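Bear in mind the structure is a predicted one, so any value in this text is a computation, not a measurement. Sequence lines set the chain letters: A, B, ... in the order given, protein chains first and strands last, and positions in each chain run from 1.
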Amino acid sequence: MRLGFAVKVLGRPGLKSDDSRRWMNSPHLRVSLGYLEAIFDYLQERRICMYRISSNIAPYITHPDMPQFHRQIEECAGELERLGRKARALNLRLSMHPSQYIVLNSPREEVYQAAVKDLDYHARFLDAMGLGPEAVVVIHGGGAYGDKQAAMERFARRYLELPARVRRRLVVENDEKVFSVSDVLWLHERTGAPVVFDHLHHRVHDPDGWQTREAVATCLATWPQGVVPKVHFSSPRTEPRSTGRGESDPLPWQHGDWIDAREFAGFLRECEGLAFDVMLEAKKKDLALLRLREELRGMGMDVDCCDAERG
DNA sequence: CGATGTCAAGGAATC
DNA sequence: GATTCCTTGACATCG
C-alpha cells in the first residue's frame with residue numbers, strides 16, 4: 001500500500017508546486033517542471049511514492065482569452081517525457097484533481113465545454129509523461145441543479161462522449177453534499193469510470209447507510225484488473241474557524257491539519273484483505289504523511305511499502 | 001517591509 | 001437578480 005499527499009510540499013521550505021505568477025509575467029510549464037523535478041527528489045529522499053500534481057502546473061493553458069499559453073505541453077514535450085521516465089523509475093504513483101470549476105454535468109453549455117477542454121489538458125499532460133493507467137484524473141459528480149437524476153444522466157451521457165484519452169484517465173469521487181457512494185457507483189455502472197472512495201466525504205454524506213467495508217470493497221471493484229485502486233482519507237478539522245467576526249464551528253467535511261493515526265488504523269483494520277493506495281488529504285500535507293507513518297510504525301503497523309530507493 | 005487586495009473559472013443558499 | 005460562502009495561498013501593489 002502506498003501513501004500519498006496532495007500538491008504542496010511543506011517539509012522543505014522553498015519547494016514550489018507550480019509557477020503561480022500571473023499572466024502578465026508569462027508563467028510557464030517549463031518553470032513548473034523544474035519545481036516538479038525538485039519535488040520528485042524530495043519524495044525519493046523521504047521515500048514517499050505517491051503524489052498529486054498541481055492542476056495549475058501549466059498556467060492558463062485552457063484560458064479562453066490567452067492562446068499564447070495553449071501550447072505549453074507541446075513546448076515541453078521532451079522535458080515531460082524525461083520527468084515521466086524519472087517518475088516511473090521511482091515507482092511514483094502520480095495523479096491530478098481538477099479544481100471545483102471543472103463541472104462535467106453543468107447545464108450551462110459553456111461550462112461543460114470548458115470542462116472538456118480542461119479534462120483533455122489533464123489527460124494530455126499525463127500522456128505526455130508516458131504514465132501508466134494508475135495515473136488518474138479525479139473529479140466529482142458535479143451539481144444536482146434541482147433534479148439529481150437528470151444531473152446524473154447528463155454526467156453519464158457526457159462522459160461517454162469524452163475523447164478516449166480522457167476516458168482512460170477519468171475516475172469519479174463521492175463528495176460531501178451531492179453525489180454519495182451510491183450515486184458514483186451508479187455513474188460507474190453507466191460509464192465504466194472507476195470510483196475513488198473518499199472516507200471523510202462518506203462519513204459526512206451517506207444517505208444509504210453503507211457499512212464502511214462494504215462501501216470500500218464495492219468501490220474498489222470498479223477498478224480494472226491490474227490497476228491498484230486508490231482511496232482518499234482525511235480527518236475532520238476540530239478547531240474552530242476564525243472568521244471576520246468571531247469564531248464558528250468547523251464544517252464537518254473540512255480537512256484537519258493531521259491524520260488521526262488511531263482512526264486510520266481502525267479504517268485499515270476494517271479493510272483488512274483489500275488492496276489499495278491511499279491519498280491523504282491533510283492541511284499539513286507531507287508533514288502529516290510522515291507523522292502518520294511514524295505513528296503507525298509505533299503501533300506496530302508498517303503499512304507503507306515503497307521502492308523509491310530504486311532508480 | 002508589512003498590510004491589503006486580487007486571482008480565470010462554479011454552485012448553491014440566501015435575501 | 002445580486003450577494004455571499006465555500007477555502008486558500010501566494011502574487012502584486014501600495015503606503
For the side chain of A:Ile102, counting heavy atoms from C-beta on, which of C:dC11, B:dA9, C:dG9 is nearest?
B:dA9
Under 4.0 Å between a side-chain N/O of A:Lys285 and OP1 or OP2 of C:dT8, yes or no?
no
Any strand, both distances under 3.5 Å, Watson-Crick or G-U wobble: B:dA9 pairs with none
Ignoring the backbone of A:Lys16, work out which of B:dA9, C:dC11, B:dG10 is nearest its side chain.
C:dC11
Between A:Tyr101 and B:dG10, do the rings stack, that is, sit under 5.5 Å apart with planes less than 30° off each other?
no
Just the rounded figure in Å: distance from P of B:dC7 to CG of A:Asp18.
18 Å
Would you mind reading off the distance between A:Arg52 atom CZ and C:dT8 atom P, rounded to a whole angstrom?
12 Å
Measuring to OP1 and OP2 of B:dG10, would you say a side-chain N or O of A:Ser106 lies under 4.0 angstrom away?
no
If only side-chain N and O atoms of A:Asn25 are considered, is one of them under 4.0 Å from the OP1 or OP2 phosphate oxygen of C:dA12?
yes
Within this structure, what is the CH2-to-P distance between A:Trp23 and C:dA12, rounded to whole angstrom?
12 Å
Quiz item: A:Arg21 side-chain donor-acceptor pair to C:dC11 base, under 3.5 Å
no
Paired with C:dT8: which nucleotide, if any, by Watson-Crick or G-U wobble criteria at under 3.5 Å for both distances?
none
What's A:Tyr145 touching, base or sugar-phosphate or nothing? Going by heavy atoms closer than 4.0 Å.
sugar-phosphate
Between C:dA2 and B:dA8, how far is it from one P atom to the other, in whole Å?
22 Å
Could you state the atom-to-atom distance from CZ of A:Arg108 to P of B:dA12 in whole Å?
11 Å
Which one, B:dG10, B:dA9, B:dA8, comes nearest to the side chain of A:Thr62?
B:dA8
Separation of B:dG11 P from A:Glu110 CD (nearest whole Å):
9 Å
Checking contacts here: which listed nucleotide (C:dC11, B:dA9, B:dG11) is nearest the side-chain heavy atoms of A:Val103?
B:dG11
In whole angstrom, give the distance that lies between atom CG of A:Leu119 and atom P of B:dA9.
18 Å
Separation of C:dT7 atom C1' from A:His201 atom NE2, nearest Å, is 12 Å
Using a 4.0 Å heavy-atom cut-off across all strands, classify A:Asn56 as base, sugar-phosphate, or nothing.
base
A:Leu104 CG - B:dG11 C1' separation (whole Å):
15 Å
When the ring planes of A:Phe233 and A:Phe267 are compared, do they come out parallel, tilted or perpendicular, using 30° and 60° as the limits?
tilted
Please determine if A:Arg52 forms a cation-pi arrangement with A:Phe5, meaning its NZ or CZ atom is less than 6.0 Å from the six-membered ring centre and no more than 45° off the ring axis.
no
Please report the distance separating the P of C:dC5 from the corresponding atom of B:dT6, rounded so that it comes out in whole Å.
16 Å
Under 4.0 Å from OP1 or OP2 of B:dT6: is there any side-chain N or O of A:Arg22 that close?
no
Name the nucleic acid region contacted by A:Lys177, choosing base, sugar-phosphate or nothing; use a 4.0 angstrom heavy-atom cut-off, strictly under.
nothing
Basic-acidic side-chain contact under 4.0 Å: A:Glu176, A:Arg203:
no
Sidechain N-carboxylate O distance under 4.0 Å for A:Glu81, A:Lys86
no
Salt bridge present between A:Glu294 and A:Arg297 (N-O < 4.0 angstrom)
yes
Same-atom distance (P) from C:dT7 to B:dA13, integer angstrom:
15 Å
Positive for salt bridge (charged side-chain N to carboxylate O under 4.0 Å, His left out) with A:Glu37, one of A:Arg30, A:Arg82, A:Lys16
A:Arg82
